[in-house]
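Letters A, B, ... mirror the listed sequences (proteins, then strands); counts begin at 1.
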2 protein chains.
Amino acid sequence: MATIRDVAKRAGVSVATVSRVLNNKGYAHEDTRKLVNDAIKELNYKPNEVARSLYKKKSRLIGLLLPDIRNPFFPELARGVEDEMQEQGLHLIIGNADEKPEKEIDYIQTFKQNNVIGIISATNHAETKLYENLSFPVVLLDRITGSYPSVYADGLDGGKIAAQEMVRRGSKRIALLRGPIELRTAQDRFKGAVDELCDANVDFQVITSSFSFHDAEKMAKTLFEKFPETDGIIASNDLSAAAILHEALRIGRSIPDDLQIIGYDDIPLSKLLFPSLSTIRQPAYDMGREAAKLLMNIINNKPLAQKNIQLPVTFIERQTTRKVEEND
Amino acid sequence: MATIRDVAKRAGVSVATVSRVLNNKGYAHEDTRKLVNDAIKELNYKPNEVARSLYKKKSRLIGLLLPDIRNPFFPELARGVEDEMQEQGLHLIIGNADEKPEKEIDYIQTFKQNNVIGIISATNHAETKLYENLSFPVVLLDRITGSYPSVYADGLDGGKIAAQEMVRRGSKRIALLRGPIELRTAQDRFKGAVDELCDANVDFQVITSSFSFHDAEKMAKTLFEKFPETDGIIASNDLSAAAILHEALRIGRSIPDDLQIIGYDDIPLSKLLFPSLSTIRQPAYDMGREAAKLLMNIINNKPLAQKNIQLPVTFIERQTTRKVEEND
DNA sequence: ACTATGTGTGTAACCGGTTACACAAAAGAG
DNA sequence: CTCTTTTGTGTAACCGGTTACACACATAGT
């Protein structure tokens, strides 16, 4: 690999001049510029990011921390972040925290040691302590904790809409699934639904479970055994909804006539289920992009319109809910 | 952040001594060791990976290049790679090439500029040229091209098994989906199936399509319109199979009685479909781990038992194929 | 006692960039 | 035509590690 000194020699100038041309900083004569640029092309020179990073204490890397890369919701977020960053000439180190705090700590350490200029974190535990003494900004994605800037979708509204649609479509004995207690976003959508259900003339019960579909599978079995009269389920995410749907079909429930299900997230898989899953759509890709933009604004000290960006959710009507007359 | 000089001062020794203790290299008196280690703890010192990387021209980073992070097969691979690397104290920069050669080039450049010690690539195009003049090893994952070391699953066998199972279960007019021509792995599973179908007393036809489910959706529609008599479909991957299954149910085909479907990959979603998808399982997680091990062996100049590692595939019987008597 | 070898430690160069500073030449001001 | 300001360029220090090399001292061999 050619170094800046090779380029300098070839162009017959000093390394400082090359650096100035490279970064468009300080003075450089037009003729010299050309000499340098020619040399760069001839040698196919690419600056060594590591050397740069060492001196500037800043790389061109962003750390992205995901809780579970296998949940399709997160790759979707990641794509949004990636696309936005790419347009800014930045790159991602994606870390999969696997819902384990040790891994999270480990990745934050790596990010630090590699001079990332910022972190976007979508992890569950979000031990805010971990993020406290960092020399670069942190943006939380799909998470709300403490006073960190964040991007998330409107969980209260999402829960509310889910409950409304469920009631409007005639379910009377509803099971409401509650995601991990420590996740503010999970609690919001839960709370939104609870408030709505309390106001409606329906019975409902609450079941707490994680976001993973392994847990959801087991939970679904017990749910149908213990409460066979349930005629509507509001899941805490699509993965759980898929597990429930699967179990419901297995034991012969008729969907949506006998049992309605509403998921949450609108991951790509939801459309592929049969019957396809009605769900509350979170704009994952856009959330990723917004988080990236927000982080860049913070890094560049741009004035922030708002530190917390909330995106709207929408109800996606598919086949696990019954049709109703449109008259609102 | 404390530097090695801070540690040296605190411990009352030179930086060279600290470095030697840090890396367990060269001599260091037991007492000095303790002094240094104490200072490290007191200052909570962590070596700056960037500085290290600059001098050694080697980081502790591995580049992982995926063609499409949204296809659940790849996160699964990534997890395998990640887990293995983590045990070796290494970290991943995951790049999503998005099936675009420009992005692939861009990421390889980033990998270079950040002194990765190796790349694992699962991209489609695998323009081997891109990987030619790198100063670090490359391992291909789920891909076979030219003479690069690689890890993949046995596609010929996979295709063969799929065809056998399909025939054994009585389908007579089979549609065989063929994945992207440029992908050797896709071609292998196709070829395996063709060979088997030719020997069997069945009609079959070939349809080429990409791995994305958007394409598969459209393809499924035309397939059922033009060839309504099809009674068995061997898909090129699970995502396509899911799209086909969805369309088949939509138009009222009875599965598996009237139409059998076999997928390929066994992504987590396959189990969640209804009816759940019979498929050829590729051990994605293990493939990732093996690729990581292989890369590490190359990096550490360990003798290689084999440059190309082929893992076996298995038929996973679920509900999109009919039951048969077990008598082999 | 005299060298050969092993142990323990420090000094300084190096990795490949960036930039503070010095200095010279050119341009502009009076 | 001198004096200031702007422009253009080079030298060398710096970022925070690693390591070649020099040197001091201890131990062992003869």
Side-chain angles (χ1 to χ4, degrees), chain A residues 1-37 39-40 43-61 89 109-117 135-136, chain B residues 1-37 39-40 43-61 89 109-117 135-136:
Chain A
M1 275 280 252
T3 74
I4 198 172
R5 286 164 230 270
D6 298 332
V7 174
K9 196 170 290 172
R10 178 111 184 181
V13 298
S14 75
V15 292
T17 302
V18 177
S19 178
R20 277 189 295 257
V21 171
L22 223 49
N23 300 295
N24 262 316
K25 225 176 202 173
Y27 297 109
H29 195 277
E30 205 42 55
D31 300 352
T32 321
R33 269 206 152 68
K34 190 167 158 19
L35 278 172
V36 171
N37 282 324
I40 288 176
L43 297 173
N44 187 29
Y45 166 74
K46 305 275 185 228
N48 180 326
E49 285 298 331
V50 177
R52 224 173 219 178
S53 167
L54 176 59
Y55 184 87
K56 313 244 292 185
K57 297 182 196 298
K58 285 186 178 192
S59 69
R60 299 198 180 184
L61 299 171
Q109 194 63 51
T110 306
F111 291 164
K112 267 200 230 175
Q113 292 182 334
N114 285 285
N115 281 346
V116 299
I117 52 178
S135 53
F136 45 78
Chain B
M1 275 278 251
T3 73
I4 198 172
R5 285 164 232 270
D6 298 332
V7 174
K9 196 170 290 173
R10 178 111 185 184
V13 299
S14 76
V15 292
T17 302
V18 177
S19 178
R20 278 188 294 258
V21 171
L22 224 49
N23 300 295
N24 262 315
K25 225 174 200 173
Y27 298 110
H29 194 278
E30 206 42 56
D31 300 350
T32 320
R33 270 206 152 67
K34 189 168 160 18
L35 277 171
V36 172
N37 284 323
I40 288 177
L43 296 173
N44 188 29
Y45 166 75
K46 305 276 184 226
N48 180 326
E49 285 298 332
V50 177
R52 227 174 218 177
S53 166
L54 177 59
Y55 184 86
K56 313 243 293 185
K57 298 183 196 296
K58 285 186 177 192
S59 68
R60 299 198 181 184
L61 298 171
Q109 194 62 50
T110 306
F111 292 165
K112 267 200 231 174
Q113 291 182 335
N114 284 285
N115 281 346
V116 299
I117 52 177
S135 54
F136 44 79

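Between B/Y27 and C/dG8, a side-chain N or O to OP1/OP2 separation shorter than 4.0 Å is absent. Distances shorter than 4.0 Å separate some side-chain N or O of A/K25 from OP1 or OP2 on C/dT19. At D/dT18, none of the side-chain N or O atoms of B/K57 fall inside 4.0 Å of OP1 or OP2 (strictly under the cut-off).
Judged purely by atom type and a 3.5 angstrom limit, A/N37 has no side-chain atom pairing as donor or acceptor with the backbone of A/K34. Between the side chain of A/R60 and the main chain of A/G89, no donor-acceptor pair closer than 3.5 Å is present. With hydrogens and angles ignored, the 3.5 Å screen pairs no side-chain donor or acceptor of A/S59 with any backbone N or O of A/S53.
Side-chain atoms of A/I4 and A/Y45, non-hydrogen and from C-beta on, do get closer than 4.5 Å to each other. Using a 4.5 Å heavy-atom cutoff, the side chains of B/I40 and B/V36 are in contact. Counting heavy atoms from C-beta on, the side chains of B/N23 and B/S19 come closer than 4.5 Å.
For the pair A/E30 and A/A16, both in contact range of DNA chain D, the more 5′-proximal nearest nucleotide belongs to A/E30. If A/L22 and B/A28 are placed on DNA chain C by their nearest nucleotide, the residue sitting closer to the 5' end is B/A28. For the pair B/V15 and A/N48, both in contact range of DNA chain C, the more 5′-proximal nearest nucleotide belongs to B/V15. Nearest-nucleotide positions on DNA chain D for A/V13 and B/K46 put A/V13 closer to the 5' end.
Distance from the side chain of B/H29 is smallest to C/dG8 among C/dC15, C/dG8, D/dG10. Closest to the B/A51 side chain, of the nucleotides D/dG17, C/dG16, C/dT11, is D/dG17. Side chain of A/T32, nearest nucleotide from D/dC15, D/dT19, D/dT9: D/dT9. Considering only side-chain atoms of B/T3, the nucleotide from D/dC15, C/dT11, D/dG16 that sits closest is D/dG16. Distances were taken from every side-chain heavy atom of B/L54 (C-beta onward) to each of D/dC15, D/dT11, C/dG16; the shortest belongs to C/dG16. Relative to the side chain of A/R20, the nucleotides D/dT18, C/dT11, D/dG10 differ in distance, and D/dG10 lies closest.
Here D/dT19 presents its C1' atom at 10 Å from CG of B/N23, a figure rounded to the nearest Å. Atom CZ of A/R5 and atom P of D/dA12 are 12 Å apart (whole Å). Note: OH (A/Y55) to P (D/dA13) measures 13 Å, nearest angstrom. Here D/dT9 presents its C1' atom at 13 Å from CZ of A/R33, a figure rounded to the nearest Å. What separates CD1 of B/I4 from C1' of D/dT19 is a distance of 11 Å, to the nearest Å. Rounding to whole angstrom units, CG of residue A/D31 and C1' of D/dT9 are separated by 14 Å. When rounded to the nearest whole Å, the span between NZ of B/K9 and P of C/dG10 equals 14 Å. Computed from coordinates, the B/Y45 OH to D/dG16 P distance equals 10 Å when rounded to whole Å.
Among the atoms of the strands shown, none is found under 4.0 Å from any heavy atom of B/V50. In this structure, A/T17 reaches the sugar-phosphate backbone alone: every heavy-atom distance under 4.0 Å involves primed, P, OP1 or OP2 atoms, never a base.
Within 3.5 Å, no donor on the side chain of B/R52 pairs with an acceptor on the base of D/dG16, nor the reverse.
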